[in-house]
Amino acid sequence: MPELPEVETTRRGLEPLLRDRRIVTLEVRDPRLRWPVPTGLATQLAGATIRGLTRRAKYLLLDTSQGGILLHLGMSGSLRHCSPDTPLRKHDHLRLQLDDGFEIRLHDPRRFGCCLPLPPPPEVHPLLARLGPEPLGSNFDGATLFHHGRGRRGPVKGFIMDQAVVVGVGNIYATEALFLAGIRPGRAAGRVTRREYDRLARHIREVLEEAITQGGTTLRDFLREDGSHGYFGQSLRVYGRAGEPCPTCGNTLRNRVIAQRASAYCPACQR
DNA sequence: CTTTAGGCCTGACGGC
DNA sequence: TGCCGTCAGGCCTAAA
């Protein structure tokens with residue numbers, strides 16, 4: 001279940017392996033993803049030189065001399081770098097064969113991911129056009145959240161998971177950041193104070209950066225395995241721990257469904 | 001405009 | 001042991 005740190009770690013791991021490589025073939029073994037992998041994509045990419053691999057939100061953008069590619073890992077997707085004689089697995093959808101004899105495989109059992117052409121300029125693509133600021137970028141802070149949150153009656157947790165507000169904050173890191181900021185996930189976004197949004201923005205950045213840092217230490221595993229080893233072993237303080245004691249005060253953590261997602265919180269620490 | 005619900009999928013899990 | 005219902009999760013899309 002790649003969240004932003006996993007996607008960024010994947011990008012950092014793969015970028016040096018892909019840059020300046022030539023694509024020999026793209027084999028579409030199973031085009032059934034969130035949207036079908038277009039027929040003709042393989043032909044378009046054959047012989048292309050890879051210029052780079054960047055990230056926007058949880059999307060990976062592969063830039064080549066013969067056009068861009070937009071990748072999303074959805075819920076269960078992963079990319080691995082391996083040699084062609086590595087046994088193929090069920091749900092290996094794509095093989096991107098490189099001129100150095102290695103290949104990249106997209107593995108995605110639940111098929112929520114995608115692989116689509118990305119015509120220039122990338123930022124106008126419908127899937128990218130309405131995205132909010134990057135949480136690790138310079139134009140994301142408490143002021144942004146506060147101003148965007150004016151008049152919002154929905155829960156703050158759903159608000160920060162809204163890709164138009166800030167990208168890349170999934171259920172896990174939203175839960176963790178709200179705990180660290182001392183804000184209950186069910187609070188109306190419009191009722192969270194400026195000071196609280198400052199804390200929240202800081203903690204969103206913090207939990208994501210912490211996860212990326214830890215991701216770097218397990219990068220080798222991440223690229224070779226299927227990404228199912230969990231969140232880099234990052235110590236999650238409250239996510240998935242309803243019923244357990246709060247790591248700060250010892251009160252029993254509760255669970256509520258907020259914005260259609262399980263939300264653990266401490267009734268004492270979070271207000 | 002905001003907010004909510006539905007849908008897409010498979011694998012893991014629990015109950016019988 | 002096997003079958004089946006439920007759940008998880010990102011995020012688009014339609015509808016309220």
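Just the heavy atoms: all of them, side chains too, but no hydrogens, waters or symmetry mates, feed the values below. Order of the sequence lines sets the chain letters (A, B, ...), proteins ahead of strands, with each chain counted from 1. Owing to the predicted nature of the structure, the values given are computational and were not obtained by experimental measurement.
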Between [X] ([atom1]) and [N] ([atom2]), how many Å, whole number?
{"X": "A:M161", "N": "C:dG10", "atom1": "CE", "atom2": "P", "answer": "5 Å"}
{"X": "A:H72", "N": "C:dC11", "atom1": "NE2", "atom2": "C1'", "answer": "7 Å"}
{"X": "A:Y59", "N": "C:dG10", "atom1": "OH", "atom2": "P", "answer": "13 Å"}
{"X": "A:H91", "N": "B:dG11", "atom1": "NE2", "atom2": "P", "answer": "4 Å"}
{"X": "A:Q163", "N": "C:dG10", "atom1": "CD", "atom2": "C1'", "answer": "8 Å"}
{"X": "A:H93", "N": "B:dT10", "atom1": "NE2", "atom2": "P", "answer": "9 Å"}
{"X": "A:L33", "N": "C:dG10", "atom1": "CG", "atom2": "P", "answer": "18 Å"}
{"X": "A:K90", "N": "B:dC9", "atom1": "NZ", "atom2": "C1'", "answer": "12 Å"}

**Report entry** Side chain A:R32 and base B:dC9 donor-acceptor under 3.5 Å
**Finding:** no
Query raised in the report: Ignoring hydrogens and angles, are the base of C:dG10 and the side chain of A:R110 linked by a donor-acceptor pair under 3.5 Å?
Result: no
Report summary line: Scoring nucleotides 1-6 of chain B by protein non-hydrogen atoms under 4.0 Å (B base, S sugar-phosphate only, - none) yields -SS-B-
Query raised in the report: Is A:F112 stacked on the base of B:dC8, meaning ring centres closer than 5.5 Å and planes within 30 degrees of each other?
Result: yes
Query raised in the report: What nucleotide, of C:dG10, B:dT10, C:dT13, holds the atom closest to the side chain of A:N171?
Result: C:dG10
Query raised in the report: So does A:Y173 get a side-chain nitrogen or oxygen closer than 4.0 Å to the phosphate oxygens (OP1/OP2) of C:dG10?
Result: no
Query raised in the report: So, is A:R130 near the phosphate of C:dC12, with a side-chain N or O under 4.0 Å from OP1 or OP2?
Result: no
Query raised in the report: Cut-off 3.5 Å, side chains only: do A:T213 and A:E210 have a donor facing an acceptor?
Result: no
Query raised in the report: For A:H107 and A:D92, does a side-chain donor sit closer than 3.5 Å to a side-chain acceptor?
Result: yes
Requested in this report: Could you go through the side chain to side chain contact (heavy atoms under 4.5 Å, CB included) check for A:I69 and A:L118 one step at a time?
Outcome: CA-CA 5 Å; A:I69 295 297; A:L118 182 64; 5.8 Å; no
**Report entry** Aromatic plane relationship, A:Y197 with A:F146 - under 30° parallel, 30 to 60° tilted, over 60° perpendicular
**Finding:** perpendicular
Query raised in the report: With a 4.5 Å limit on heavy-atom distance, are the side chains of A:I104 and A:L18 in contact?
Result: yes
Query - Side-chain ion pair, A:R202 and A:D198, N-O less than 4.0 Å - result: no
Report task. Applying side chain to side chain donor-acceptor pair (under 3.5 Å) between A:T25 and each of A:Q97, A:E103, A:R95, report the one that passes. Result -> A:Q97
